[in-house]
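Here's the structure we're looking at; comments come further down.
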Amino acid sequence: MLLLRRAPTVILVLYSCILLCESKTVNEVRHHGRKFPDGFLFGAATASYQIEGGWDADGKTENIWDHMTHNEPCSTDDCLNGDVADNSYNLYKRDVEMARELGLDFYRFSISWARILPTSFPDKINEAGVQYYNNLIDELLKYNIEPVVTIYHWDLPQKLQEMGGWTNSFITDWFADYSRVLFEQFGDRVKYSVYWITINEPREVCYQGYGTNTKAPRLNITGMAEYMCAKNLLVAHAKVYHIYDQEFRATQGGTIGITLSAQWYEPENENHAEAAETLLQFEWGEYAHPIFSKTGDFPPVMKEKVAAKSAAQGFPRSRLPEFTAEEIEMVRGSSDFFGLNHYTTYLVYSNESLEYDAPSYYDDIEAKLYHPNHWSGGASVWLKNIPWGFYKLLTKIREDYDNPPVYITENGFSTRGGLDDDDRIIYYRGYLNEMLNAIEEGSDIRMYTAWSLMDNFEWMRGYTERFGLYEVDYESPERTRTPRKSAFVYKEIVRTRALDFNYEPDTTVMTIDEGH
Ligand code: NOJ
């Protein structure tokens, strides 16, 4: 009776408790955010051809992007090229200053092969080129910012291309010789361990550059050239891994691995689960399986499908080259970490109808991918903002490859420019949140890299798509760099080591915090 009479009071008390408790949680999140693990590292990335300019400065010779953009200027959307780009060849101190403003733990950049080795080979080392990267590395180290160095980010010397580029198996030696020079020149910084990334995004190098005409050298020989490229690239990578491991690691103490581009492929419905898995195995399993699986070699489904199609098409052997037993062993395990560039998710359905010209890569796969119309995204047609795909991808990497250390070496969003980039902020927060979900479930993710520190030459899109935390003014000779709103938000994430969805930055002045 008493209880009954008091019921309204009890309910009121309970209700206010719920309100209070809830607001406490909200407040906690507002003021403290969701924490990143201790020791987690934050950085930002760029790549040589996309930012340096100085295309023929001080002895540098032509690479495949110089060659393509000079010979066919309107191969890019705006008919522009990387001759000057962000002029980082001269403005690298400002780049490091920006990394300091953001409070970054590391800066990921790449080295231009043709700047270091003008003949493509180590018979002649270009001292001016070496000096440029020494200056950059020293400037970073001065402010305790770790260099994360990509050895190859798509700018192959043109001469090597004329000898077949990544389809010539001699490239495994050419790449090893070039890499050894880099270890000798830059690997010896005392207190610090340089992180080396052998090759950035093999899929884009091989499929886009050799299978299609969507990246230099635009060979467009699908169903054939991208597979030859893949095999040589994996062997080249592994050779370099073992050179570092055997000749340099003991004295230099760095880590070395490869960066793969991996998107998430979601089946349209459960009937298409097998198709989505097959497509995934072709798109990035092609590179991940040989290195990170227990057995090594190309994914079984890929070997079976290309062999069967090739036989039916009258080829005397599979269009997918075979690794020797020795090569399988050399490639297996040849990465200290899983370098991951991730941007987006696709839906997949099985498609066995012969609507593709055969032979072709997608005819081999027998599946199709697309983005539903209602998915929103960035300025790049391929980039939709689907954070849950990042979580699923990270979970798959953990489960399929025995939880390797994962370095997120790129993630980011494109706009058409402008300083108020709320869409980019929403993207970064969503993806970081899903990454934290994966970490909580046990994924061993150790670093995160925003693409990009600043706007730059976005390959075939020229300067029409902007990925920068800093906007670059291409009208000004100084290539003035100005922080976007996202730069202030990223800085706060790095400073607090936490993700706070409610943080609204004051974007009036960007400063360098003490200790940077
Ligand atoms: C990946 C590439 O590594 C980088 O060069 C490119 O600019 C970004 N994706 C954005 O497309």
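Note that the numbering runs from 1 along the sequence shown for the chain. Just so you know, ligand 1 is whichever comes first in the structure, and atom 1 is the first atom listed for that ligand.
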Compare all side-chain heavy atoms of L394 with those of F338 and state whether any distance is below 4.5 angstrom. no

Identify the residue among F413, Y391, F390 that makes a ring pair (Phe, Tyr, Trp, His ring centres under 6.0 Å) with Y431.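 Going through F413, Y391, F390 one by one, the ring pair (Phe, Tyr, Trp, His ring centres under 6.0 Å) with Y431 is satisfied by F390 alone.
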
Is [X] in polar range of ligand 1, meaning some N or O pair under 3.5 Å apart?
{"X": "W382", "value": "no"}
{"X": "Q50", "value": "yes"}
{"X": "W451", "value": "yes"}

Proximal atoms of ligand 1 relative to H153 (non-hydrogen, under 4.0 Å):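 Per the distance check, 2 (C), 3 (O), 4 (C), 5 (O).
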
Heavy-atom contacts with E201 under 4.0 Å: which atoms of ligand 1 show up? List them by number with element. 1 (C), 2 (C), 3 (O)

For A114 and E62, work out which heavy atoms get closest and say how close.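 Taking A114 first and E62 second, the nearest heavy atoms are CB-O, 4.3 Å.
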
On a heavy-atom basis, which atom in Y490 and which in L104 lie closest, and how many Å separate them?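 Heavy atoms of Y490 and L104 come nearest at CE2-CD2, 3.8 Å.
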
Around [atom], find the nearest protein heavy atom and jot down its residue, atom name and distance.
{"atom": "atom 8 (C) of ligand 1", "answer": "Y343 OH, 3.4 Å"}
{"atom": "atom 7 (O) of ligand 1", "answer": "E458 OE1, 2.6 Å"}
{"atom": "atom 1 (C) of ligand 1", "answer": "E410 OE1, 2.9 Å"}

Students often mix this up, so state it plainly: with edges at 30° and 60°, are the rings of [X] and [Y] parallel, tilted or perpendicular?
{"X": "H371", "Y": "W375", "answer": "tilted"}
{"X": "Y463", "Y": "Y474", "answer": "tilted"}
{"X": "Y89", "Y": "Y132", "answer": "tilted"}

Tell me which part of N200 gets within contact of ligand 1: side chain, backbone, both or neither, using heavy atoms under 4.0 Å.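 It is the side chain that touches ligand 1; the backbone stays farther off.
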
